[in-house]
Amino acid sequence: MHDFFYKGSELHCEAVPVSLIAKRLGTPFYLYSYSTLSRHLKVFDRAFNKYPHVICFAIKACSNLAILRLYAREGAGADVVSGGELFRSLKAGMEPKKIVYAGVGKTDEEILYALKKGILMFNVESSEELRAIDRIAKKAGKKARVALRVNPDIDARTHPYIATGLRDHKFGIPIEEAIENYRLARKLSNIEIVGIHKHIGSQLTEVSPFVDALNRILILVNELKAEGIGIKYINIGGGLGITYNDESPPHPEEFAKAILPLVKDSGCTLILEPGRVLVGNAGILVTKVLYIKKTREKNFVIVDAGMNDLIRPTLYGAYQKIIPAKKRKDSTITADVVGPICESADFLAKDRKLSLPKEGDLMAVMSAGAYGFTMASNYNSRPRVPEVLVKGSRIFLIRERENYDDLIRGEKIPRFLE
Ligand SMILES: *Cc1c(COP(=O)(O)O)cnc(C)c1O
């Protein structure tokens, strides 16, 4: 459920016509609904409310400060995967004690930064990283709280680029090597074992891979207990899918109903790292039709947003629904919706049946709230687009449109070329 809908023929975000924002701000832009963002967190949280849990929003899905602040105020923490994400989370007011830090390539500097800020825990992805954290913590006179990220060898049945829980993926410690790594962790003097972590992939549309992976993890938790290694937190990662087209992913309630019975006697606090499910359908990308180009082979609707603004179709062949900001009664067209970038992979939709737009029309690329703006780049020297938050009838610019000067900020011409 989201708050983008037609009133008459005009697409609205809550009480605001999308076209009104375009008039003020130009196009393209990302547009988020406050009430959708807020409700999605509440629904997810409520699904788990009978059990001690912490929601660590996976901020790589959508990391604008305003949205992080909104979630911080509603009690969420953050799942971060870099020093930059940690910086953002803290700037937005996230409590360090609700921040967990994953990623296979943490640098010494990032580890030290996180230690100094006193985050809840590192989700450690290798024995090498475990030793590095111990070494850095010793030097800093700190004790590092850790969970080991275990790779349970479960097929998430999602796009291969966003599956992370199979044996041949770079993520986590193979489940059969987990015990020996916990034994190592116990020996390291500046490491405190507090949890176990897994995250098997993104855009999962079934419950069973979550259940299978958790069952494997729980067996491990018992084995660890038998060795005297206590686990306080079980972190089941993120990955719950959303509806882009015709998927029917489990509702958070259904998800919780499958998970909670498995952990209820564990005595552990649950950590959840939802990303896409909270923000995916809370944001859209608004773009303008520049040209309608017809060749003998194909029709192209050329718009002013490209793969640098929203890369999911290019990167994953992902489907994003595209609808007009103002409905027309006219005929339809089957076309590729493409951007201005000089790449054949620059498309938002392929062979899509659309209501026939006219040049200058606005179109909304739906479900663009997750992995949309955060994956945007300046490729082709295109300034990144603004982000806007609507709350009721109020419009807030939460990130300015970049300008040409932003594009060259930090670049320097060496003396000898002057
Ligand atoms: C990306 C990621 C998430 C969030 O995944 P979603 O599919 O957006 O819910 C959670 N945990 C980790 C470790 C991740 O890398």
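Each ligand, and each atom within it, is numbered from 1 in the order the structure gives.
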I need the nearest protein heavy-atom contact for [atom]: residue, atom name and distance, please.
atom                    : result
atom 12 (C) of ligand 1 : Asp79 OD2, 3.3 Å
atom 4 (C) of ligand 1  : Ala58 CB, 3.3 Å
atom 2 (C) of ligand 1  : Lys60 NZ, 2.3 Å

Using a 6.0 Å cut-off, check whether atom [atom1] of [X] has over 12 heavy atoms from anything other than its own residue.
X      : atom1 : answer
Tyr291 : OH    : no
Lys91  : NZ    : no
Phe5   : CZ    : yes
Arg167 : CZ    : no
Phe87  : CZ    : no

*Is the shortest distance from a heavy atom of Tyr371 to ligand 1 less than 4.0 Å?*
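Flag set, Tyr371 near ligand 1.
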_Within reach of ligand 1, part of Ser202 (heavy-atom separation under 4.0 Å)_ =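 Ser202 to ligand 1: contacts from backbone and side chain alike.
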_Residue-level breakdown please: for His199 versus ligand 1, do any non-hydrogen atoms fall below 4.0 Å on the side chain, on the backbone, on both, or on neither?_
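Looking at His199 and ligand 1, just side chain atoms fall under 4.0 Å.
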_Which residue is it: Gln320, Gln203, Lys321, Arg276? I am looking for the one with a side chain to side chain donor-acceptor pair (under 3.5 Å) to Tyr244._
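Testing Tyr244 for a side chain to side chain donor-acceptor pair (under 3.5 Å) against Gln320, Gln203, Lys321, Arg276 leaves exactly one candidate, Arg276.
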*Aromatic rings Tyr30 and Tyr32: how do their planes relate, parallel, tilted or perpendicular, breaks at 30° and 60°?*
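Tyr30 vs Tyr32 ring planes: parallel.
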Geometry only, no angles: is [X] polar-contacting ligand 1 at N/O separations under 3.5 Å?
X      : value
Gly275 : yes
Glu273 : yes
Gly239 : yes
Arg276 : yes

